Amino acid sequence: MPSSPPEVSLADAARWYDGKSFRDDWTSWHFPNWLRLLAPFRGRPAAMLEIGSWEGRSALFFLNYLPQMRLTCIDTFAGGQEHRDAAAADAREAELLQALESRFDTNVAAFSGRIDKVKAPSAEALIGLGLDDRRFDLAYIDGGHRAREVYADCALTWPLMVRGGLVIIDDYQWAEMPDPMDNPKPGVDAFLRSVEGQYRMVLDDYQLAIEKR
Ligand SMILES: C[S@@+](CC[C@H](N)C(=O)[O-])C[C@H]1O[C@@H](n2cnc3c(N)ncnc32)[C@H](O)[C@@H]1O
């Protein structure tokens with residue numbers, strides 16, 4: 001009989017980051033939800049897709065918490081629009097972006113055997129995965145924040161998901177940009193309308209999580 005991995009506390013998860021190098025933490029406050037949502041996937045092999053990896057913080061959570069999971073990480077490592085705007089205005093931000101990919105590589109080095117890194121714009125990468133008939137049990141969508149980008153990431157991810165697969169969408173309620181179309185929500189809402197009846201909502205908060213029927 002397959003045995004489940006030992007339970008994980010928030011204190012355990014915090015230790016996964018010891019000795020690693022990060023500037024940002026947009027991620028840890030989601031861990032209580034992720035511990036709960038991802039628990040059913042812990043004791044079995046799974047394929048997971050991550051769109052938007054940055055310094056590797058979310059990837060490290062998924063790789064540690066799901067010991068039999070293989071992770072495909074899609075990122076240009078060039079930052080989103082807001083990071084590129086910041087880099088154009090501030091030399092320290094530009095330096096951070098310059099070093100982003102090597103920081104990701106170093107942070108996740110212990111898991112390199114379970115990671116497929118795809119350095120490309122997400123639409124291009126997702127089309128490639130579709131053409132290769134790849135399928136995923138789990139997806140985390142945390143790439144570009146503009147409505148059209150999030151819509152494209154969701155719409156191109158959906159056909160890759162198996163039935164019962166779980167898609168977590170970050171930043172649903174992020175509303176930092178004055179033009180609503182520069183925020184994720186209109187893109188996510190349009191995507192959800194396009195797949196009505198095909199999913200079950202399992203988390204409706206700052207992040208959304210939907211299970212494919
Ligand atoms: C918010 S960060 C991801 C944070 C990460 N998931 C975490 O929790 O630490 C967004 C990432 O998406 C990437 N990104 C933005 N637009 C993209 C696009 N169109 N294609 C691929 N990657 C993109 C950026 O380079 C950046 O690393």
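Note that this is a predicted model, so its numbers are computed, not measured. As the structure lists them, so they are numbered: ligands from 1, and atoms in each ligand from 1.
The backbone N or O of Phe22 sits nowhere less than 3.5 Å from a side-chain atom of Arg57 that would complete a donor-acceptor pair. Using modelled atom types, no side-chain atom of Lys119 and backbone atom of Ile74 make a donor-acceptor pair closer than 3.5 Å.
If you check the side chains of Asn107 and Tyr17, you find no donor sitting under 3.5 Å from an acceptor.
Using a 30° and 60° split on the angle between ring planes, Trp29 and Tyr206 fall in the tilted class, from 30° to 60°.
The 4.0 Å heavy-atom shell around ligand 1 contains residues Trp26, Thr27, Gly52, Ser53, Trp54, Arg57, Ser58, Asp75, Thr76, Phe77, Ala78, Gly79, Gly80, Ala120, Pro121, Ser122, Tyr140, Asp142, Gly143, Gly144, His145, ordered by chain and number.
Remark: Glu149 pairs with Arg146 by the side-chain contact (heavy atoms from CB on, under 4.5 Å) rule, at least two apart or across chains.
A salt bridge links Lys117 with Glu101: at least one charged nitrogen is closer than 4.0 Å to a carboxylate oxygen.
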